[in-house]
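Each remark here refers to the structure printed beneath this line.
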Amino acid sequence: EAQVTQNPRYLITVTGKKLTVTCSQNMNHEYMSWYRQDPGLGLRQIYYSMNVEVTDKGDVPEGYKVSRKEKRNFPLILESPSPNQTSLYFCASSPYTGEYNSPLHFGNGTRLTVT
Amino acid sequence: AQSVTQLDSQVPVFEEAPVELRCNYSSSVSVYLFWYVQYPNQGLQLLLKYLSGSTLVKGINGFEAEFNKSQTSFHLRKPSVHISDTAEYFCAVIRMDSSYKLIFGSGTRLLVRP
């Protein structure tokens, strides 16, 4: 089954404790992206990647890191989480190779709480 | 800069009633338009998209949307809703002249009551 898999689904952590949220897709998609969803703000892009070893900042990259060493994986790293990073996070992928109408395929989300 | 506005944060309706979820956008260039749906505890799924051609676009689950260039709107409609349509709906745009980047609205929660 074609899917985007995020882990974990739920995560509670404390301020300053490094964490990684994994994202993997099995559709051989070039494009991958991370979003955070907050009430009243919709989805905001954190980072995106057009291909292996190519990553770029989205609208809200501060406090996050990503890597794209393999095509299928795009982990999100919080080196020193803070309470304002408490949010619902989504990973998405797309077959985009120049056609803007390529749809995004989303994972089921990771709900992160930082205390 | 482009932006997407969904004025209604929540829309309650009774089952089998019609519904319209509003979306307005602003952009200095032409855009592609999308509606995504998010069911509880799930990621977003593409509902429909407008790229070009007919301004009335039909999507999955009986939804449709109409692109109105003069009013810069892309409202989502369904003539008769079901309980299972309860979800959050997001309007999104991509500029035709820039990188592949979706700008999302803040979302509208559709609450269908029996």
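These figures come from a predicted structure and were not determined experimentally. Reminder, nothing fancy here: chain letters follow the sequence lines and each chain counts from 1.
Using a 4.5 Å cut-off between heavy atoms, A:L41 contacts chain B through its backbone alone, with no side-chain atom that close. With a 4.5 angstrom heavy-atom cutoff, A:L88 touches chain B only via side-chain atoms. Heavy-atom distances place both the backbone and the side chain of A:S102 under 4.5 Å from chain B. With a 4.5 angstrom heavy-atom cutoff, B:Q38 touches chain A only via side-chain atoms. Neither the backbone nor the side chain of A:R111 comes within less than 4.5 Å of any heavy atom in chain B. Contact of A:Q37 with chain B is made through the side chain alone, with heavy-atom distances under 4.5 Å. With a 4.5 angstrom heavy-atom cutoff, A:Y89 does not touch chain B via any of its atoms.
Side-chain polar atoms of A:T113 and A:T86 form no donor-acceptor pair below 3.5 angstrom.
Taking the ring centroids of A:F106 and B:Y36, they lie under the 6.0 Å cut-off. Between B:F34 and B:Y50, the ring centre distance reaches or exceeds 6.0 Å.
In terms of non-hydrogen atom pairs under 4.5 Å with chain A, the most contact-rich of B:L51, B:L44, B:L46 is B:L44.
The shortest side-chain heavy-atom distance between B:Y25 and B:L33 falls under the 4.5 Å cut-off.
Among all heavy-atom pairs drawn from A:Q85 and A:R36, the shortest one is CA-NH1, 3.9 Å.
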